[in-house]
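Data first, discussion second: the structure below is written as structure tokens.
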Amino acid sequence: MDASEVRYCSRLNYLCLKFALVVYCTVFWLIGAFVLVVGIYAEVERQRFRTLHGIFLAPSIILILLGVVMFVVSFIGVLASLRDNLCLLKVFMYTLSVCLMLELIGGIIALIFRHQTMDLLNSNIRRGIRNYYDDLDFKNIMDYAQKQFRCCGGKDYLDWKQNEYHECSAPGPLACGVPYTCCIHNKTDLMNTLCGYKAMNLDRLDAIKIIYVRGCTDAVIIWFLDNYTIIAGVLLGILFPQFLGILLCLLYITRIEDIINEWDSSEVLLEGESVKREIEFSKKGCCRCYPGMESTA
């Protein structure tokens, strides 16, 4: 294999890594932009209807934060891979590594302190229940969870005492009752929005005949355990792309550093003087590529 063939193979390896990293970063850059736009639209609607007093309970805030992080980090990756900027490439790689480590550490901590995690979730749900009729987003989420997982409240159905309309001392037909999404009913039954009337006055054994008494946090955990393959697939879908990005970036940085070292360490003799070959970049638009044409200085 002559020198030109070696050089071609080296360049092909470099270009394949460059193309893969550019495509990877561009895809997540576009996804981040989409998530950010959806989050901004949802936040505008939230402010318009004044829903969700608890800012960290608002899905729009979560979408905006996620979209900003994805957009900024992916943009750094796109720019770094196009310009072969080692500093930005390392920033991109280290940022992805930190995000992956934080996710893993957060998951491990949540499992180790699972009882405290459950208490925190139940506390946040009770806080949302207080504003159930004022916070449209939380109301929709809670109603969906109660119907989908056949549960009621956070820890149990008695959490609905936290709501001013459902507490037993409140006036009106909702007092000591629960929302209709907590009720046990057949699909053929007509909708009765007062099916949970005075349910919290009943003993648990009597209440279980008309409403779901199990809390939604326990119901969701049981669903996770019953569908562990789906959860494993979701976790793999979240973590693997980040690991892939870190691996691609590491390989690309290593390849660029190898090219720089090869060119820095190569010298030729010309007219009795030691002349060092320098790297010229192949440029086209915003893109800059190693290695370019050889030149002597």
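Fair warning: this is a prediction, and the values are worked out from it, not measured in the lab.
Salt bridge K155/D119: absent, no basic N to carboxylate O contact under 4.0 Å. Of the charged side-chain nitrogens involved, none lies within less than 4.0 Å of a carboxylate oxygen, so that K147 and D143 do not count as a salt-bridged pair.
Hydrophobic cluster membership differs between M200 and Y197, with clusters built from Ile, Leu, Val, Met, Phe, Trp and Tyr side chains linked at under 4.5 angstrom. Hydrophobic clustering (ILVMFWY, side-chain heavy atoms < 4.5 Å, transitive): I76 and I31 are in one cluster. Cluster membership for V37 and V35, using ILVMFWY side-chain heavy atoms within less than 4.5 angstrom, is not shared. L15 and L251 end up in the same hydrophobic cluster when Ile, Leu, Val, Met, Phe, Trp and Tyr side chains are linked at under 4.5 Å.
Inspection of the Q162 and E167 side chains reveals no N or O donor paired with an N or O acceptor under 3.5 Å. Residues Y14 and D84 have side chains that bring a donor and an acceptor to within less than 3.5 angstrom of each other.
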Would D156 and Y212 satisfy side-chain hydrogen bond (donor to acceptor under 3.5 Å, both in side chains), going step by step from the backbone distance to the final call?
-> CA-CA 9 Å; D156 58 23; Y212 303 114; over 6 Å; no

Between Y132 and Y165, is a ring-ring contact (aromatic ring centres under 6.0 Å, His included) present by the stated rule, with each step listed?
-> CA-CA 10 Å; Y132 174 76; Y165 298 104; 9.6 Å; no

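Closest heavy-atom contact between G196 and C183: N-SG, 3.4 Å.
For the disulfide bond (SG atoms under 2.5 Å apart) condition, the pairs that include at least one residue of residues 202-239, sequence neighbours left out, are C151-C216.
Shown are Q146, K139, R150; of these, the side-chain hydrogen bond (donor to acceptor under 3.5 Å, both in side chains) with T181 is made only by Q146.
Side-chain rings of H166 and Y133 approach one another, their centers coming within less than 6.0 Å. Taking the ring centroids of Y24 and F28, they lie under the 6.0 Å cut-off.
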Taking distance alone, no hydrogens or angles, what donor-acceptor pairs closer than 3.5 Å link side-chain atoms of residues 90-101 to residues at least two apart or in another chain?
residue, atom, partner, partner atom, Å
T95, OG1, V91, O, 2.6
S97, OG, M93, O, 2.8

